[in-house]
Amino acid sequence: FNMKNLIKLTLLFILFIGCNSKIQKEANVDNEDIEYVDLIGKFKRVELEKHPFIKDSFNLNYTDYKVDQEVLKKIKPLLKRDISIKVIMGTWCEDSRLLVPQFFKVMDKLRFNKRKIELIGLDNEKKSPDNYHEIYEIINVPTFIFYRKEKEINRIVEITIETLEKDIFSILSDSGYENAYYGF
């Protein structure tokens, strides 16, 4: 039982713990001299797409996601100019690494204004030096906060209830969407 197997076993264990964990994952077991760096605070999408430990999973999860075209047709008229979205995530978090690229694929297909999406990274304790975790009352990541005229209308927290597109449609159509942590 060598060190490499121990690291792989540890990573597998951490994967099952999920994003509620306060444990920092080692991202690259084959190249242990490269330090993993989280994106914390406000950052741009390009930083996510070029991050040495995230770019591969970002591109894979973006490319592999099959967008529901029928639901997109329903969302499109609801994406008015007064809509903006904050995406609060952890680059260390498997749920963030899955849902954020999928979210961007949906937004790209909708041709949503990229300047209306703000990315904020939290550390593995779901905190940031600028206190974004408190300002936006973050309990889990990723959190997608939807605003209409700068006022929060709803949010997707950590997981989708149906699908990403259906959850977005439910939020934008004001049809009573409740996220997985509603009421907590």
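The figures here come from the full heavy-atom set of this structure, side chains too, leaving out hydrogens, waters and symmetry mates. Just so you know, residue 1 is the first one in the sequence shown, and it goes up from there.
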Atom pair CD1/CH2 of Ile40 and Trp92 - distance to nearest 0.5 Å:
10.0 Å

CD1 on Ile139 to CG on Asn179, rounded to 0.5 Å
6.5 Å

Checking side chain to side chain contact (heavy atoms under 4.5 Å, CB included) for the pair Thr143/Tyr136: CA distance, chi angles, key distance, verdict?
CA-CA 9 Å; Thr143 296; Tyr136 300 112; over 6 Å; no

One should read off an interatomic distance between Ile156 CD1 and Tyr181 OH, to the nearest 0.5 angstrom, of 13.5 Å

I'd like to know if Phe112 and Phe169 are part of one continuous hydrophobic network [Ile/Leu/Val/Met/Phe/Trp/Tyr, side-chain heavy atoms within less than 4.5 Å].
yes

For the residue pair Leu119 and Lys42, establish whether any side-chain heavy-atom pair is separated by less than 4.5 Å.
no

Val141 side chain reached by Ile138 side chain, heavy atoms, under 4.5 Å
yes

Of the non-hydrogen atoms in Glu162 and Asp167, which two are nearest, and what is the gap between them?
N-OD1, 3.0 Å

Nearest heavy atoms of Lys55 and Glu49, plus distance in Å
CB-O, 2.8 Å

Assess the residue pair Tyr65 and Val67 against the criterion (side chain to side chain contact (heavy atoms under 4.5 Å, CB included)); give the C-alpha distance rounded to whole Å, side-chain angles, the decisive distance to 0.1 Å, and a yes or no.
CA-CA 6 Å; Tyr65 189 65; Val67 178; 3.9 Å; yes

What's the shortest heavy-atom distance between Pro101 and Ser96, and which atoms?
CD-O, 3.6 Å

Considering only heavy atoms from C-beta outward, does the side chain of Tyr147 approach that of Ile153 to under 4.5 Å?
no

Looking at OG of Ser57 and CG of Asp64, how far apart are the two atoms once the value is rounded to the nearest 0.5 Å?
11.5 Å

Any non-hydrogen side-chain atom of Met107 less than 4.5 Å from a side-chain atom of Ile117?
yes

For the CD atom of Gln102 and the OG1 atom of Thr163, what is their distance to the nearest 0.5 Å?
10.0 Å

Minimum heavy-atom distance Arg155-Ile145, with the two atoms named
NH2-CD1, 3.4 Å

Are Phe146 and Val71 in one and the same hydrophobic cluster, where Ile, Leu, Val, Met, Phe, Trp and Tyr link if side-chain heavy atoms are under 4.5 Å apart?
yes

Within the side chain of Asn61, is there an N or O that forms a donor-acceptor pair under 3.5 Å with the backbone of Arg97?
yes

From Ser84 atom OG to Lys151 atom NZ, the distance as rounded to the nearest 0.5 Å:
13.0 Å

Parallel, tilted or perpendicular: which fits the ring planes of Phe104 and Phe58, with parallel below 30° and perpendicular above 60°?
tilted

Closest heavy-atom pair and its distance - Leu78, Ile83
O-CG1, 3.8 Å

Close side-chain approach of Ile54 to Glu47, heavy-atom, < 4.5 Å
no

Are Val100 and Phe144 packed together at the side-chain level, in the sense that at least one heavy-atom pair is separated by less than 4.5 angstrom?
yes

What do you reckon, is NZ of Lys116 surrounded by more than 12 foreign heavy atoms closer than 6.0 Å?
yes

Should Ile75 and Glu165 count as side-chain neighbours, where that means a heavy-atom distance under 4.5 Å?
yes

Residue pair Ile168, Lys166: steps toward the side chain to side chain contact (heavy atoms under 4.5 Å, CB included) verdict
CA-CA 5 Å; Ile168 292 169; Lys166 288 179 180 178; over 6 Å; no

In one Ile/Leu/Val/Met/Phe/Trp/Tyr side-chain cluster, 4.5 Å: Ile161, Leu98:
no

Audit row: Asp174, Arg148, salt bridge (charged side-chain N to carboxylate O under 4.0 Å, His left out) steps and yes/no
CA-CA 11 Å; Asp174 297 318; Arg148 183 177 291 125; 3.3 Å; yes

Check Lys126 against His133 and note the closest heavy-atom contact, atom names and distance.
O-CB, 3.1 Å

Within a 6.0 Å radius of atom CD on Glu137, are there more than 12 heavy atoms belonging to other residues, nucleotides or ligands?
no

From CA spacing to verdict: side chain to side chain contact (heavy atoms under 4.5 Å, CB included), Leu39, Leu48
CA-CA 8 Å; Leu39 295 173; Leu48 198 58; 4.0 Å; yes

Atom NZ of Lys50 with >12 non-hydrogen neighbours under 6.0 angstrom
no

Within the 4.5 Å heavy-atom criterion, are Tyr132 and Ile88 side-chain neighbours or not?
no

Classify the side-chain pair Tyr62/Asp108 by whether it contains a donor and acceptor separated by less than 3.5 Å.
yes

Lys105 NZ: over 12 foreign heavy atoms closer than 6.0 Å:
yes

Taking Asp95 for its side chain and Pro142 for its backbone only, find out whether a donor-acceptor pair lies under 3.5 Å.
no

